[in-house]
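No hydrogens, no waters, no symmetry mates; every other heavy atom, side chains included, goes into these values.
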Protein chains: 2
Amino acid sequence: MTDIGKKKATIYDLSMLSGASPSTVSAVLNGSWRKRRIKEATAQLIQKLANEHGYTANLQARGLRSSRSGLVGLLLPVHDNRYFSSMAQSFEAQVRSRGQCPLVVSACRDPEEERKVVETLISYSIDELFIAGATDPDGVHKVCEKAGLKHVNIDLPGTLAPSIISDNHEGARMLTQAIIERAQEDGPLSPDDLYLFGGRNDHASHERIRGFRDVKRAVLGADPDICIQPTGYSPAMTARAFEAFYEGHGKLPRAFFVNSSINLEGLMRFLALHPHETFADIIVGCYDYDPFGSFLPFPVFMIRQDSETMITKGFAILDADRRPPITHLVRPTLVPPRTALTGPLDALKDIE
Amino acid sequence: MTDIGKKKATIYDLSMLSGASPSTVSAVLNGSWRKRRIKEATAQLIQKLANEHGYTANLQARGLRSSRSGLVGLLLPVHDNRYFSSMAQSFEAQVRSRGQCPLVVSACRDPEEERKVVETLISYSIDELFIAGATDPDGVHKVCEKAGLKHVNIDLPGTLAPSIISDNHEGARMLTQAIIERAQEDGPLSPDDLYLFGGRNDHASHERIRGFRDVKRAVLGADPDICIQPTGYSPAMTARAFEAFYEGHGKLPRAFFVNSSINLEGLMRFLALHPHETFADIIVGCYDYDPFGSFLPFPVFMIRQDSETMITKGFAILDADRRPPITHLVRPTLVPPRTALTGPLDALKDIE
DNA sequence: AGTCATTGCACCATCGATTGTGCAAAAAAG
DNA sequence: CTTTTTTGCACAATCGATGGTGCAATGACT
């Protein structure tokens with residue numbers, strides 16, 4: 001840090017100091033110097049100077065010139081939810097390991113906001129974009145397309161770009177199967193005893209509901225429509241649905257399928273309103289994994305979606321030459337109650 | 001979308017189309033046109049063309065020229081944890097409302113990584129940086145200082161830059177008080193019945209431990225060192241500490257204070273290893289709020305840290321002229337067991 | 001008509017890098 | 001000692017926007 005100056009060093013500064021031209025300095029510092037036949041000694045001199053002055057490239061300038069920024073975006077509906085935040089964590093790790101810079105932003109499930117956020121990302125010349133859980137993936141696709149930006153959908157599929165999503169149908173089948181079996185341990189289960197809460201008009205919800213109904217019909221013989229209670233992805237709405245059921249029946253359904261951990265938060269709100277009841281006999285299935293949700297005072301079966309694999313596949317697809325708008329399914333896993341899975345956190349070194 | 005071309009429109013394209021010069025186009029599109037005395041009619045023409053062609057400014061170019069990028073960074077230890085992910089959520093909302101672009105990255109509590117990540121952010125000419133939960137805030141400070149980057153510490157204080165942190169001492173006192181009171185409902189509590197798990201060699205842990213010990217000593221009369229079990233911020237280490245206690249005593253302490261939700265995950269791992277015991281009689285205090293953690297099958301008192309206010313204060317400080325390296329405390333709140341708080345998620349519109 | 005102020009805009013250097021091209025000097029070949 | 005090849009680098013255009021400066025045209029005023 002021989003550097004006393006206030007401003008950051010540029011290739012021009014190093015050019016002065018080394019006596020070489022800016023282009024030579026540039027070549028040395030971006031690694032293309034062998035190709036440009038720069039003498040080894042020159043390169044070393046420049047590198048030494050660069051170190052001494054703490055040179056780091058201005059990536060905006062580089063991005064402007066080369067129209068590649070080294071930024072990779074991940075568009076999320078929300079941050080504060082274990083599914084998406086752990087996706088962000090895996091994403092970051094993978095982007096970094098590729099020598100690029102991750103850029104994670106959320107758009108609050110608002111189609112308009114989604115497009116605006118992506119426009120902004122494009123203005124920073126990001127190189128690739130992962131669109132996770134978008135409300136309007138095809139709308140976002142068009143924005144990307146216009147800018148020639150490579151992108152994939154994660155979690156919710158679009159029709160215009162390749163998509164990598166959970167096998168929601170299969171996951172829902174596993175989950176439904178599991179809660180039915182568990183509930184039957186307590187006695188015969190009638191179709192009216194098994195509900196589904198949450199979900200809205202998106203592909204994931206449809207598939208999950210389909211899987212739920214398939215299994216329910218096959219195992220319990222019937223599948224009344226009333227047992228499906230779509231509430232959107234909102235804790236408040238979900239809480240209201242539980243409350244409505246409770247007011248009508250004086251209890252909760254013996255077993256139910258909750259569409260996501262966000263909806264499961266709605267169950268918590270409902271529980272908070274009934275502090276004197278334990279609800280210890282309900283059986284819950286939640287399509288999402290949360291380490292604390294798994295240990296609630298009643299059995300909670302969960303589905304862990306494999307966001308890590310989705311990201312990995314996403315990169316594989318982006319790296320491929322042809323990118324047909326195919327939907328790839330990633331199998332989720334069923335997590336029995338009271339299970340503590342390890343996550344990306346465990347990769348941290350912990351210095352005492 | 002009259003635009004058929006592949007590339008994005010630039011001010012030069014609009015300059016050609018409108019017959020005006022690039023600088024005029026630039027002035028019109030960045031709003032400085034009144035100051036530059038551009039005719040209203042000219043401005044309207046250019047704006048019309050810009051709309052038709054879906055023009056958006058190249059923010060890299062703008063940033064390069066004006067050396068202000070509109071990017072605001074948030075450096076996080078990890079994403080997948082409710083405390084930090086909800087901080088990210090508030091951060092995003094506030095940055096957007098200021099017309100800037102949020103950039104959230106994590107550095108895995110690795111001091112080296114922290115500095116490298118910040119170097120990268122600096123290369124993108126970010127305007128301001130929030131450093132949350134950094135292991136080495138002062139190390140990061142130096143990097144920022146060299147680049148003339150405005151920054152504040154959140155959650156963990158540094159000595160060289162202004163810091164906004166939870167009032168950990170007061171929070172720990174509240175939490176300790178609460179679990180002692182609750183435990184005493186089940187009979188007299190001896191000092192050996194009250195433990196603290198988690199935490200490491202950082203300011204937050206020190207203060208929390210201090211608050212815990214203050215209250216414990218005052219209320220229970222004694223405070224043996226053995227009751228403090230620092231485990232770092234690692235679920236695995238924490239689980240091991242619980243396991244060790246359990247092996248020694250055949251049970252868990254009647255009441256204990258857990259340093260963070262990450263450590264609480266360690267408790268989950270411990271529980272998973274003992275599927276046949278319910279541990280229904282323990283009283284837990286956790287310094288962090290998690291909506292599912294609040295409903296575990298035993299009483300869990302939690303502390304909700306007000307990350308939203310911390311971010312708000314952070315901006316206030318960054319906006320101020322003088323920025324002395326003072327530490328500002330934000331009061332957290334005690335959350336009784338079985339409480340479902342609303343969060344940033346509730347701001348979402350939920351379209352059915 | 002001549003002077004001066006105002007309006008409306010064009011010109012150009014600049015931010016910090018990348019990259020195609022050209023050209024000396026040194027080395028190899030003849 | 002030429003001619004050819006290779007080595008090593010400098011030059012200059014360029015990416016897309018910004019903002020200081022200058023200048024013609026118009027209007028106001030004596």
Side-chain angles (χ1 to χ4, degrees), chain A residues 5 7-46 50 53-71 120 122-127 147-148, chain B residues 5-46 50 53-70 120 122-127 147-148:
Chain A
K7 304 305 301 169
K8 298 213 54 175
T10 70
I11 54 169
Y12 299 96
D13 300 330
L14 297 179
S15 161
M16 300 262 54
L17 289 163
S18 65
S21 77
S23 56
T24 300
V25 175
S26 169
V28 169
L29 295 172
N30 70 28
S32 68
W33 58 280
R34 304 209 95 97
K35 200 172 62 201
R36 283 183 149 263
R37 301 185 319 224
I38 308 293
K39 215 197 304 175
E40 180 109 26
T42 311
Q44 285 180 354
L45 168 63
I46 291 174
H53 292 265
Y55 171 85
T56 51
N58 180 321
L59 298 180
Q60 295 208 74
R62 172 178 295 171
L64 175 58
R65 181 61 239 256
S66 56
S67 64
R68 295 197 57 261
S69 63
L71 295 168
T120 306
I122 289 173
S123 306
Y124 286 106
S125 310
I126 64 171
D127 297 334
Chain B
K6 204 84 227 66
K7 305 305 301 170
K8 297 211 55 173
T10 70
I11 54 168
Y12 299 96
D13 300 331
L14 297 179
S15 160
M16 299 263 52
L17 289 163
S18 65
S21 77
S23 57
T24 299
V25 175
S26 170
V28 169
L29 295 171
N30 68 29
S32 68
W33 58 279
R34 304 208 94 99
K35 203 172 59 202
R36 285 186 145 259
R37 299 185 322 223
I38 308 293
K39 216 198 304 176
E40 180 109 24
T42 312
Q44 286 181 354
L45 168 64
I46 291 174
H53 292 265
Y55 171 84
T56 52
N58 180 324
L59 299 180
Q60 296 209 73
R62 172 177 297 171
L64 176 58
R65 183 61 239 260
S66 57
S67 66
R68 295 197 57 260
S69 64
T120 306
I122 289 173
S123 305
Y124 287 107
S125 309
I126 63 170
D127 297 333

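Put simply, CZ on Arg37(B) is 16 Å from P on dT26(D), counting in whole angstrom units. Counting to the nearest Å, the C1' atom of dT19(C) and the CZ atom of Arg68(A) are 15 Å from each other. The nearest whole Å value for the distance from the CD1 atom in Ile46(B) to the C1' atom in dC9(C) is 10 Å. Following rounding to the nearest Å, Ile122(B) (CD1) and dA17(C) (P) show an atom-to-atom distance of 14 Å. What separates OH of Tyr124(B) from P of dG16(C) is a distance of 17 Å, to the nearest Å. The distance between atom CD1 of Ile38(A) and atom C1' of dT6(D), rounded to the nearest whole Å, is 14 Å. Across the protein-nucleic acid pair, Lys35(A) atom NZ and dG8(D) atom C1' stand 16 Å apart, rounded to whole Å. For the pair Gln44(B) CD and dG8(C) C1', the interatomic distance rounds to 16 Å; values are reported in whole Å.
Every side-chain contact (heavy atoms from CB on, under 4.5 Å) that Leu45(A) has, sequence neighbours left out, goes to Ser18(A), Leu49(A).
Between Tyr124(B) and Ser69(A), the closest heavy-atom pair is OH-O, 2.7 Å. Scanning both residues, Leu59(B) and Gln60(A), for their nearest heavy atoms gives O-OE1, 3.6 Å. Residues Leu29(B) and Tyr55(B) approach most closely at CD1-CE2, 3.5 Å, considering heavy atoms.
Side-chain contact of Thr24(A) with Ser21(A): a donor-acceptor pair under 3.5 Å is present, judged by distance alone.
Taken residue by residue, residues 22-34 of chain A places heavy atoms nearer than 4.0 Å to DNA chain D at Ser23(A), Thr24(A).
Residues Val28(B) and Leu14(B) fail the side-chain proximity criterion, which asks for heavy atoms closer than 4.5 Å.
Note that CZ of Arg37(B) and OG1 of Thr42(B) are 13.0 Å apart. Values are rounded to the nearest 0.5 Å. Residue Arg36(A) holds its CZ atom at 8.5 Å from CG of Asn30(A), rounded to the nearest 0.5 Å.
Within 3.5 Å, no donor on the side chain of Arg36(A) pairs with an acceptor on the base of dG8(D), nor the reverse.
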Distances under 3.5 Å only, N/O to N/O: pair up the protein atoms with those of nucleotides 14-16 of chain D.
unit_1, atom_1, unit_2, atom_2, d
dT14(D), O2, Arg65(A), NE, 3.2
dT14(D), O2, Arg65(A), NH1, 2.7
dC15(D), O2, Arg65(A), N, 3.3
dG16(D), N2, Ala61(B), O, 3.2

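Proximity of a side-chain donor or acceptor of Ser32(B) to a complementary backbone N or O of Lys35(B) within less than 3.5 Å is not detected.
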